[in-house]
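Proteins get letters first, then strands, A, B, ... in listed order; numbering begins at 1 in each. No hydrogens, no waters, no symmetry mates; every other heavy atom, side chains included, goes into these values.
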2 protein chains.
Amino acid sequence: MIADAIRADIASGKLAADQRLPSESELAEAHGVSRATVREALKRLAAQSLIRTRRGAAGGAFVHRQSFEEACADMASKATLLIGLNEIDIATACEARFALERGCMRLAAKHRGPEHLDIMRREIARQKDPELSDEAFCASDVAFHRALVDAAGNPVLSWQLAAAVEGIEPLMNMITYRQRDRDAVIGLHEAIADALEARVGSKLEILIDYLREQTLRTAHAAQGHRLAAKPESPHPRD
Amino acid sequence: MIADAIRADIASGKLAADQRLPSESELAEAHGVSRATVREALKRLAAQSLIRTRRGAAGGAFVHRQSFEEACADMASKATLLIGLNEIDIATACEARFALERGCMRLAAKHRGPEHLDIMRREIARQKDPELSDEAFCASDVAFHRALVDAAGNPVLSWQLAAAVEGIEPLMNMITYRQRDRDAVIGLHEAIADALEARVGSKLEILIDYLREQTLRTAHAAQGHRLAAKPESPHPRD
DNA sequence: ATTTGCTTAAATGTCTGACAAATGAAAACA
DNA sequence: TGTTTTCATTTGTCAGACATTTAAGCAAAT
């Protein structure tokens, strides 16, 4: 397959970033296929963000060096689809999300800068508006946690976590928050911001645990029937 | 774009898994475009694993319910490309990997079954073979950690972690292990297996920290020049 | 009654040739 | 010199044709 050949060239570094591929007609002749076939292969590569095409005189297909930013968006939409198609329940998704997030807390405490605190405090202020819709509250929550994870200063972590958090946003949007629930979440957010400011990683881990339990309680109240089917494990805790 | 329309239908659940899409000719007529254009759109969806095509009498495009297994492989290859193209160093990748893994330890302690321990002990036995090549040692390491993460019993976690661990395998393969390093790693692996068997999550977290430091030391010794450029943060620990 | 082989229809896979649209660069012009 | 026009190049789309694969139906032979 011609797409695989080009893909291998990119992965191996034979084709450098931003380098222009031969034109469709040339590729067709070189590989002994028609232009239509080449185009389908290029579309496939474009769907994987390996190339970008421009048309016009200096146009063509160019090797695209995907940024973590873009990869993030890809991953998030992929995670959303995966979770949707495989009928993952809120409890499982939450468990995963908070487990991953918890792992970043000590790094976040170590590497956080003032800009991360700024974003988090701004989102907390927004969350206090009682007129906020549930969707907007969720979106603000995502922004808050994204800043929290970015504070770890590790692009790989930010990439993975953003995908997890944004991927389950549709699930979280199904939750209806009562004002009491919102107050509890906001209180924890403030405690998290304080602990991050003071760089106390151990406290951050505990607060994330609280937040997980709070979120699960809220989700449980909103759609208890979906969680009821998942019995608690009989294994003892450590 | 016709591809986006179909994608939206799949994401929204309007098109169920394994459902057959209209034929290319019908799609072309329905959307008022040519069959070639439809084909390019379908190729794009196929590249994202949203559909699979079969040819023949009962052929066509079918909505593909991607399994976590497949998504894992996709993610891993994507992570490899990302890390390679963006020149992520081993230290950053390791930091991310062990941070995420650490987050799963308490869940793993809670939900692990005998099969996870079996796999881990088998891989440990394999790692003890001094004739093992560095690549094979790495591969066994990946299998060990994969079982460790699977023990958490959360498909979303397994998916994310497997991608992270396998994605950085090429980086890890650049490390040459001395026998002393291998012994240290194997010792930690045995301690991890023991702690998992005893379901002591807190000890697992500590052991993961040790393993991270051991791995970083090994990587540092093997290619100190790549890590030397990243100075330690001046911030205090918690 | 069961198996085997042939035919046929439906669908994707590919090819060919053409035209439309965008785009950058060179040429023509003021 | 600066502006406009023209032009060549390249991707985007279309229409129609043929090749290939596959399932299903049918008929003949065992």
Exercise. Nearest-Å distance, CZ (A:Arg52) to P (C:dT23)?
Worked result: 16 Å

For this session: Rounded to the nearest angstrom, tell me the gap between atom CZ in B:Arg39 and atom P in C:dT16.
Result: 15 Å

Problem set entry | From C:dT14, C:dA9, C:dT23, nucleotide with atom closest to A:Ala57 side chain | C:dT23

Exercise. Hey, does B:Arg20 reach any base, or is it just sugar-phosphate, or nothing, if we go heavy atoms under 4.0 Å?
Worked result: sugar-phosphate

Exercise. Any chance the side chains of A:His189 and A:Glu123 put a donor and an acceptor closer than 3.5 Å?
Worked result: no

Seminar exercise, completed: Looking only at D:dT22, D:dG12, D:dC14, the nucleotide nearest the B:Val33 side chain is D:dC14

Problem set entry | Length of the CD-C1' vector between B:Glu26 and C:dA10, whole Å | 11 Å

Exercise. Which sits closer to the 5' end of DNA chain C, A:Gly59 or B:Gly60, going by the nucleotide each is nearest to?
Worked result: B:Gly60

Exercise. Looking only at atom types and distance, does a side-chain atom of B:Asn154 sit under 3.5 Å from a main-chain N or O of A:Thr92, one as donor and one as acceptor?
Worked result: yes

Exercise. How close or far is atom C1' of C:dT14 from atom CD of A:Glu24, stated in whole angstroms?
Worked result: 16 Å

For this session: Please state how far atom CD in A:Glu40 lies from atom P in D:dT11, giving the value in whole angstrom units.
Result: 16 Å

Problem set entry | Residue that, paired with B:Asp141, satisfies salt bridge (Lys or Arg N to Asp or Glu O under 4.0 Å) out of B:Arg146, B:Arg126, B:Arg97 | B:Arg97

For this session: For C:dA10, take OP1 and OP2 only and decide whether either is under 4.0 Å from a side-chain N or O of B:Arg55.
Result: no

Exercise. Considering only heavy atoms from C-beta outward, does the side chain of B:Ser77 approach that of A:Arg7 to under 4.5 Å?
Worked result: yes

Seminar exercise, completed: note: A:Arg44, atom CZ; C:dT14, atom C1'; distance rounded to Å ~ 16 Å

Seminar exercise, completed: In whole angstroms, the gap separating C1' of D:dT10 from CD of A:Glu29 amounts to 16 Å

Exercise. Does B:Thr37 place a side-chain N or O at less than 4.0 Å from the phosphate oxygens OP1/OP2 of D:dC14?
Worked result: yes

For this session: Would you tell me if any nitrogen or oxygen in the side chain of B:Thr53 comes within less than 4.0 Å of OP1 or OP2 on C:dA11?
Result: no

Seminar exercise, completed: Of the candidates D:dT13, C:dT12, C:dC15, the side chain of B:Ser23 sits closest to C:dT12

For this session: Would you mind reading off the distance between B:Ile51 atom CD1 and C:dA11 atom P, rounded to a whole angstrom?
Result: 15 Å

Exercise. Is any side-chain N or O of A:Arg35 under 3.5 Å from a base N or O of D:dG12, one able to act as donor and the other as acceptor?
Worked result: yes

Exercise. Which of these nucleotides, C:dC15, D:dG12, D:dA23, is closest to any side-chain atom of A:Lys43?
Worked result: D:dG12

For this session: Taking the side chain as every heavy atom from C-beta outward, state whether A:Ile124 and A:Lys128 have any pair of such atoms under 4.5 Å apart.
Result: yes

